[in-house]
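These notes are about the structure you will find just below.
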Amino acid sequence: MESSCAVLQGQQGGPVFEASPVFRTQGSGVLIQTNGARALQAIHPGLMHRLAERGAITSGVYQYNDVSGERLPWTTQKARPYHCWGQPADSSAAARPPGLLLARYRRILEFGCKVTHADMDAEPAPQGAQEAGQPQQHQEEGQAAPGAMAQLTLSRTAASGGEAEEVVLARARHVIAADGYFSRVRRTVCAGGGSDPAALAGEMPAFMGVALWRGSITRAELAAAGVPLPACLDPAHDSEALRRTHMWSPATPDSPLRGPPSRGLLIYPARNTAGPVGSGGSQALAAAVSAMSSFLTPDVAALLAATPGDRVTGHGLYVHPVEGFTPGAWVRDRLVLVGDAAHTAPPDGQGANLALEDAAVLGACVRKHGLGPEAFAAWEAARQPRAAAILGDPTPAATIRTPLINDATFERLWSPAELLAEERALQAQAAAGVGGGGAAHRAVEQEDVGRLPPDVVASLERILGAEAAAGASASKAAEVTEAGASACEAEQQAVAVVQEWSADVVGRLVRAKVEGRTMAVRVPPPEGTYFVR
């Protein structure tokens with residue numbers, strides 16, 4: 001969805017097909033780090049506001065031996081709570097799009113649509129009325145000219161989750177596939193539909209021999225189950241206990257990790273944990289408890305066992321090897337794969353952030369080259385070395401990836417004039433009572449997070465209006481030079497106004513979450529200790 005936002009800035013675009021029948025809280029949290037935050041700011045300056053408002057900012061990472069429960073004598077500090085216009089370095093938020101994103105793109109979203117087949121060389125749809133009983137068809141406006149197109153066949157399920165399904169055909173000149181690490185589009189297009197085992201193995205992520213379980217639980221649910229908080233998580237002993245990240249592994253003070261641990265448990269704060277995270281249910285919960293309770297201390301094992309089954313999911317760890325990040329692996333003419341569909345990685349905090357980077361860089365490439373194979377090839381050439389460096393960093397202390405993450409910069413995709421036009425359109429819709437209705441729309445109407453406030457609107461109108469007047473009054477002899485210089489200066493002033501506003505909003509939200517708290521003091525581990533990604 002972020003890719004659509006980035007690519008569709010100022011362009012005509014087709015629908016966005018979402019597999020889920022509705023937007024809902026899903027997953028056990030999203031860790032937004034510096035690079036992801038800056039990518040969001042490049043796409044739209046208001047996107048980080050909602051995440052900063054809803055996110056939980058951790059105050060350090062405490063590590064324990066998983067058998068004895070002994071806390072290890074080193075602490076990882078969550079560094080730099082303010083940067084990149086003031087947004088948090090690390091914050092966890094529920095995996096649900098910010099309201100601003102829904103407000104801007106709800107009209108192009110098609111829910112409950114799963115890709116069942118993809119044909120990159122389909123003929124355009126015939127002109128004329130659609131015949132009764134035939135699949136519903138989508139085709140981009142102005143795409144009726146002869147020539148091959150991409151056609152997706154999708155199965156759409158109603159939001160109610162009923163069994164009735166509808167076949168949808170979508171034709172377009174270009175496809176951006178962000179359909180996860182077992183991407184159906186990649187499987188169909190790049191692996192010949194999956195009928196060739198060798199081709200399929202080359203495109204799909206490889207199983208790493210590791211099982212993962214994820215879940216969430218609230219304090220109220222623990223209390224209802226009669227399970228006390230483990231001492232290390234109890235605010236009565238440490239006021240920051242439930243705002244820190246806690247990690248258990250086989251490491252001991254005398255034997256720190258020298259590589260990825262053979263087993264581990266991570267507990268961290270999150271918001272909005274009341275929604276389901278997966279379909280694993282009680283079976284996944286039982287498997288997790290069985291696998292982990294044999295070496296965890298009883299109090300931590302009891303916490304896992306009390307987790308509601310409908311918020312537990314289990315799956316194997318699958319990864320796209322970085323050796324496969326080669327030209328043509330992520331792009332096939334009019335198709336581009338982004339996010340996990342291109343570069344599935346371990347759950348190391350960079351999966352979502354690299355996907356956000358993908359979106360920002362793709363938007364910049366499209367602006368430079370136009371929407372098409374040239375932009376896709378440029379995007380792949382820019383993204384593969386960086387993704388490989390971050391995901392394939394072999395250094396124990398992550399010395400390669402850390403500066404790449406913290407020093408990330410992206411081309412700005414928005415303009416003050418576009419933001420002003422967007423705000424005017426939203427105001428006009430509100431005045432006219434237009435919006436489409438629905439729960440998602442009502443939620444958007446109830447919040448203004450991420451929208452330009454009246455004082456910023458007035459400043460932009462003054463600056464951009466003055467620029468227009470200056471251009472209109474320039475003499476004919478110097479019209480191009482003076483008007484161009486005036487426009488450039490006005491653009492810079494307007495950008496500064498927006499950036500100052502965005503920094504102030506996110507900074508205030510972050511400060512409200514960290515002021516008065518006791519943040520962890522970093523205690524470095526022994527030389528050569530492996531930094532868990």
Side-chain angles (χ1 to χ4, degrees), residues 25-34 36-37 51-66 69 71-72 74-81 87-96 212-222 227 229-235 237-249 251 257 260-261 263-275 277-278 288 292 296-297 299-304 306-308 311-314 317 345-353 398 405 510 513-514 517-520 522 531-533:
T25 299
Q26 186 171 353
S28 53
V30 175
L31 180 66
I32 302 299
Q33 295 181 298
T34 306
L51 293 178
E53 180 190 54
R54 297 171 68 91
I57 299 177
T58 60
S59 57
V61 180
Y62 283 0
Q63 300 182 42
Y64 310 85
N65 175 261
D66 55 9
R71 183 181 151 196
L72 305 184
W74 50 84
T75 301
T76 302
Q77 183 183 24
K78 288 297 183 180
R80 297 196 290 179
Q87 66 254 32
D90 301 276
S91 62
S92 299
R96 188 178 188 277
L212 299 173
W213 292 275
R214 308 169 195 260
S216 63
I217 188 169
T218 66
R219 293 187 66 181
E221 288 163 341
L222 274 176
V227 177
L229 278 171
C232 62
L233 300 176
D234 192 345
H237 302 292
D238 175 7
S239 62
E240 288 291 305
L242 289 177
R243 292 184 285 197
R244 303 192 196 281
T245 297
H246 303 264
M247 186 181 76
W248 287 260
S249 76
L257 295 176
R263 61 180 187 254
L265 171 67
L266 199 67
I267 296 180
Y268 56 88
R271 300 285 298 273
N272 302 320
T273 58
V277 299
M292 303 180 73
L296 289 174
T297 55
D299 55 348
V300 177
L303 181 149
L304 297 186
T307 304
R311 291 211 302 282
V312 176
T313 187
L317 173 59
D348 62 357
Q350 275 301 298
N353 291 279
I405 291 169
V510 171
K513 293 177 182 290
V514 301
R517 290 171 54 181
T518 304
M519 309 301 278
R522 183 177 184 273
F531 179 83
V532 176
R533 314 296 199 248

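Positions are given from 1, in the same order as the sequence printed here.
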Heavy-atom side-chain proximity of Arg263 to Met292 below 4.5 angstrom: no
Can you confirm whether Leu212 sits close enough to Pro347 that some side-chain heavy atom of one is under 4.5 Å from a side-chain heavy atom of the other? yes
Taking all atoms of both residues into account, what is the closest heavy-atom pair of Pro230 and Asp299, and its distance? CB-OD2, 3.5 Å
Could you pull out the closest heavy-atom pair between Pro346 and Leu317, with the gap in Å? CA-CD1, 3.9 Å
Spacing of Ser59 atom OG and Met519 atom CE [to the nearest 0.5 Å]: 5.0 Å
Go through Leu257 and Ser249 one step at a time and tell me if the side chain to side chain contact (heavy atoms under 4.5 Å, CB included) criterion holds. CA-CA 9 Å; Leu257 295 176; Ser249 76; 4.0 Å; yes
Does some side-chain heavy atom of Thr75 sit less than 4.5 Å from a side-chain heavy atom of Val61? no
Would you name the heavy atoms of Ala288 and Trp213 that are closest together and state the gap between them? CB-CG, 3.4 Å
Lys513 and Ala52 have their tightest heavy-atom pair at CE-O, 2.7 Å
Between Val227 and Leu303, which heavy-atom pair has the shortest distance, and what is it? CG1-N, 4.1 Å
Evaluation steps, side chain to side chain contact (heavy atoms under 4.5 Å, CB included), between Leu265 and Asp66: CA-CA 8 Å; Leu265 171 67; Asp66 55 9; over 6 Å; no
Checking side chain to side chain contact (heavy atoms under 4.5 Å, CB included) for the pair Leu242/Leu229: CA distance, chi angles, key distance, verdict? CA-CA 10 Å; Leu242 289 177; Leu229 278 171; 4.3 Å; yes
Out of curiosity, Arg214 CZ to Leu266 CG, how far, rounded to the nearest 0.5 Å? 10.5 Å
Validation row: Arg71, Cys232 side chains within 4.5 angstrom (heavy atoms): no
Restricting to non-hydrogen atoms, name the atom on Gln33 and the atom on Ile405 that form the minimum distance, rounded to 0.1 Å. CB-CG2, 4.4 Å
Report yes if some heavy atom in the side chain of Arg219 is under 4.5 Å from a heavy atom in the side chain of Pro235; otherwise report no. yes
Which residues pass the side-chain hydrogen bond (donor to acceptor under 3.5 Å, both in side chains) test with Gln63, not counting sequence neighbours? none
Excluding sequence neighbours, so at least two apart, what forms ring-ring contact (aromatic ring centres under 6.0 Å, His included) with Tyr64? His246, Trp248
State, without any angle test, whether Ser216 and Arg311 hold a side-chain donor-acceptor pair at a distance under 3.5 Å. yes
